[in-house]
Protein chains: 2
Amino acid sequence: MGAVEIDAGRLLDDLQALREIGREGRGVNRPTYSPPDMEARRWLASRMAAAGLEAGIDGIGSVLGRREAGGVAVLTGSHLETHGHAGWLDGAYGVICGLEASRALSSVPGFADCAVDVMAFADEEAHYGSFLGARSFVGALSEAEIDAATGRADGKPLRTALSEAGLAGQPRFLCPPGRYSAFLEAHIEQGDRLEAAGARIGVVSAIVGSRLYRLVFTGQANHAGTTSMARRRDAGRAALHALAALDDRMGEGPGTGLAGPHTVWTVGRITLEPGAAAVIPGRAEVLFQVRDPDPERLDAIEAALTAQAEAAAAAMRCGVGIARIARNDGAAMDPGLRAQLVRAARARVPDHWMELPSGAGHDAQHLARIMPAGMLFVPSIGGISHHPDEDTSPEDLVAGAQVFTDAVALILRQARAGSGREGRDGG
Amino acid sequence: MGAVEIDAGRLLDDLQALREIGREGRGVNRPTYSPPDMEARRWLASRMAAAGLEAGIDGIGSVLGRREAGGVAVLTGSHLETHGHAGWLDGAYGVICGLEASRALSSVPGFADCAVDVMAFADEEAHYGSFLGARSFVGALSEAEIDAATGRADGKPLRTALSEAGLAGQPRFLCPPGRYSAFLEAHIEQGDRLEAAGARIGVVSAIVGSRLYRLVFTGQANHAGTTSMARRRDAGRAALHALAALDDRMGEGPGTGLAGPHTVWTVGRITLEPGAAAVIPGRAEVLFQVRDPDPERLDAIEAALTAQAEAAAAAMRCGVGIARIARNDGAAMDPGLRAQLVRAARARVPDHWMELPSGAGHDAQHLARIMPAGMLFVPSIGGISHHPDEDTSPEDLVAGAQVFTDAVALILRQARAGSGREGRDGG
């Protein structure tokens, strides 16, 4: 079998058609289960059907297009909803890449017995929960969690949103055991490492884990003029000292402290109460997030955060409570799939690819629980994402889909070889 | 002339009667120009009249009780409104102390030619402006400022509030040049330095100056997972580093850094935008206040704040704007009045008095612009003020009023000696 070529025009046309659904200016606004989001799901199902896939939308809103071909199968896809008023490619690119790979390979006789299924997992962008569609598909989403979930923007119960979207009472798709040899997801990078390195393809080594902490320092609000420094119990100052000390321990660069080459940490919010110019803060609340591919490094940083917060609180005669309010373990990508993606990238864009971890979470990390999973990145211009200006050059979009399709072909061939069918079906 | 004794029961009864106006639980809620505040002003005017003073309320709400006695005059007083739902003594104590001194001295034949006028300056607590009554009385409040002022709680125009309070069209009192030899104000300490030292009387050396700054750090909001630390322009981190570095330079105690023995500094508010757990702050706004009796020290701290903010911003590739949004120069108290207060305290509470600066602003700092001004403090139990729990023991309230009255008597005698009238009137 020779190389399988994708239809670049069809790929870009589909991406542009999808961009029009919920378009606002340069960007797109398709929150999960909103009318434009549901329109996008129905549009995708129709495109899947046009590609010869059996398409359906399940009870959590995920769209699955599948083929019964008799032989090996690979699952592809990503998500359709946007992160509020954001960009046109985040999620959408991976779904259309999977669709294009499925279409391209279905027209090649040598892959007639193979299925390239495509899925758009609902709510990767967490409008109502955490990876609802991906977790539902791998059997990690309970009815009780759906009962309890509400919209982050308006507090609307997820059940209400599902009902308004016409999804109430629909069954949820559960991954058929043994069907898929692999899950492969294409996505925009959302950072600028590829662009900075002049690379057009990124092969993802791991999806980093993240942990989010809420720190609450408790002191005593008091008059900012008449309360001596020695007598204060300034919760805000305790928070500042704790965060500055932790920053020192993280180090100025790789190898100089707790931080590794891929560690990132962010103080996203600080709330001082009462928040007046002339009142010593009696309470300070901090949101601190840290991400790293290595769980042991995250453990060490958590220990340092706790120690510095407690030391700073004690020095200011304040109390402190530290709660880990979210934990995302991330996932290493399958070494075999990484090797096939590298092989495909090396053939199409020699010297213009690299391996890198993903700093953002993706559906693939949940699929990795039940099957080998891999990811491919294309560059984000200026590293911008979650913003209407998010963009990738057409050449890179096409190159990414081509490498993706080549990798799917390599994986299918290897899977067929492993299943002992190659001799019978393709010999 | 022998010692003049106050009527302790009359003093405490008046304080309790005033406490009932706007009382809420243990505390009092009399915002400037509110119905209870105006009731308190009318009540005070009636008490002044009962004491033989000619009483009136002016166009900014200040209450003045005066006597035409033919000889020297001292002005006393403080304010009546509370800082929201707060305590019963802040302001009220100084007004009633002045009234009691006026009453006690008016009954002593040797002071028949002396006037102890009493004033309640409107809005020391800044519900509508900055020391409106005191500044109006010393000629430092323009009609244009009144036109522009609005309520801090509800944005109501000051003109509307004055009209609703029945004050529109009333003339404002302007201090008659040359009438007063001195202004003397009694007040609760609002801190715990007297209590900690076992002192019952504080003689105020100076009212500290304060400066309030708004720092705005500007970086770039970005994805907290995919943006490497090296590439970030984290406005929140720039703010944290600037504030921690300034804290280091202030020093851990007197003499170890920029801070002097009376310096206090407060970060009252930090606002990170957009304020989400997974988004790098693109903007950070900080309110920083510093107070000190020494303007040169405040200048040095301002220079350090600017330098540290600019250095931290540059290190994070952020911009920073620093605006001084309020400046209160404070005032040194008159050395002659301090000496008389010390003399009176030493006689009544030997070994239980001390000199100290005031960390809070007071009406006296504005009166100091046009005449010698002095202040006396009584202890605040637990250092609590601006809170319903604010309190001072009855014994200390009485001792404070007695020392205050003794000091007024000393000042009147000295003024009369200075004016050459003592021989004629009292010889």
Side-chain angles (χ1 to χ4, degrees), chain A residues 189-193 196 208 210 212 221-232 234 236-237 239-241 243-245 247 250 253 259 262-272 274-281 284 287-289 291 325-326 358-361 380 383-387, chain B residues 189-193 196 208 210 212 221-232 234 236-237 239-241 243-245 247 250 253 259 262-272 274-281 284 287-289 291 325-326 358-361 380 383-387:
Chain A
E189 182 199 350
Q190 302 183 262
D192 72 344
R193 295 188 59 196
V208 304
S210 70
L212 175 63
N222 220 326
H223 192 295
T226 58
T227 314
S228 67
M229 297 308 288
R231 188 172 148 250
R232 292 176 180 223
D234 185 332
R237 204 157 166 242
L240 287 176
H241 283 222
L243 295 170
D247 237 34
M250 294 299 258
H262 301 298
T263 316
V264 291
W265 64 99
T266 308
V267 176
R269 189 189 304 164
I270 301 175
T271 307
L272 305 185
V279 184
I280 298 163
L287 289 184
F288 176 85
Q289 192 198 59
R291 304 194 192 207
I325 57 175
S358 170
S380 295
I384 297 169
S385 73
H386 284 185
H387 188 280
Chain B
E189 181 197 351
Q190 302 184 264
D192 72 344
R193 294 189 58 198
V208 304
S210 69
L212 175 63
N222 220 326
H223 192 295
T226 58
T227 312
S228 68
M229 297 309 287
R231 189 173 147 250
R232 292 175 180 223
D234 185 332
R237 205 157 164 241
L240 287 176
H241 283 221
L243 295 170
D247 237 34
M250 294 299 258
H262 301 299
T263 316
V264 292
W265 63 99
T266 308
V267 177
R269 190 189 302 165
I270 301 175
T271 308
L272 305 183
V279 183
I280 297 163
L287 289 184
F288 177 84
Q289 192 197 60
R291 305 195 191 205
I325 56 175
S358 170
S380 295
I384 297 168
S385 73
H386 285 186
H387 187 280

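By convention in this document, chain letters (A, B, ...) are assigned in the order of the sequence lines, proteins followed by strands, and residues within each chain are numbered from 1.
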Where is the tightest heavy-atom contact between A:Arg291 and A:Ser210, given as atom of each residue plus distance? CG-CB, 3.5 Å
Strictly by modelled atom types, are [X] and [Y] linked by a side-chain donor-acceptor pair under 3.5 Å?
{"X": "B:Ser385", "Y": "B:Gln190", "result": "yes"}
{"X": "A:Arg237", "Y": "B:Thr266", "result": "no"}
{"X": "B:Thr226", "Y": "A:Arg193", "result": "no"}

Under a 4.5 Å heavy-atom cutoff, which of B:Gly236, B:Ala277, B:Ala244 has the most pairs with chain A? B:Ala277
Chain A contacts, top residue of B:Asp192, B:Ile280, B:Leu243, B:Ile325 (heavy-atom pairs, under 4.5 Å): B:Asp192
Chain B: which of [options] shares the most heavy-atom pairs with it under 4.5 Å?
{"options": "A:Val279, A:Leu287, A:Ile270, A:Asp234", "value": "A:Ile270"}
{"options": "A:Thr271, A:Leu240, A:Asn222", "value": "A:Leu240"}
{"options": "A:His387, A:His223, A:Arg231", "value": "A:Arg231"}
{"options": "A:Ala224, A:Ala221, A:Gly191, A:Ala360", "value": "A:Ala224"}
{"options": "A:Ala278, A:Ala196, A:Gly275", "value": "A:Gly275"}

Which atoms of [X] approach chain A - backbone, side chain, both or neither, heavy atom under 4.5 Å:
{"X": "B:Ser228", "value": "backbone"}
{"X": "B:Val267", "value": "both"}
{"X": "B:Thr263", "value": "backbone"}

CG (A:Leu272) and CZ (B:Arg269) are apart, to the nearest 0.5 Å, by 9.5 Å
Answer yes or no: is there a side-chain heavy-atom contact under 4.5 Å between A:Met250 and A:Trp265? yes
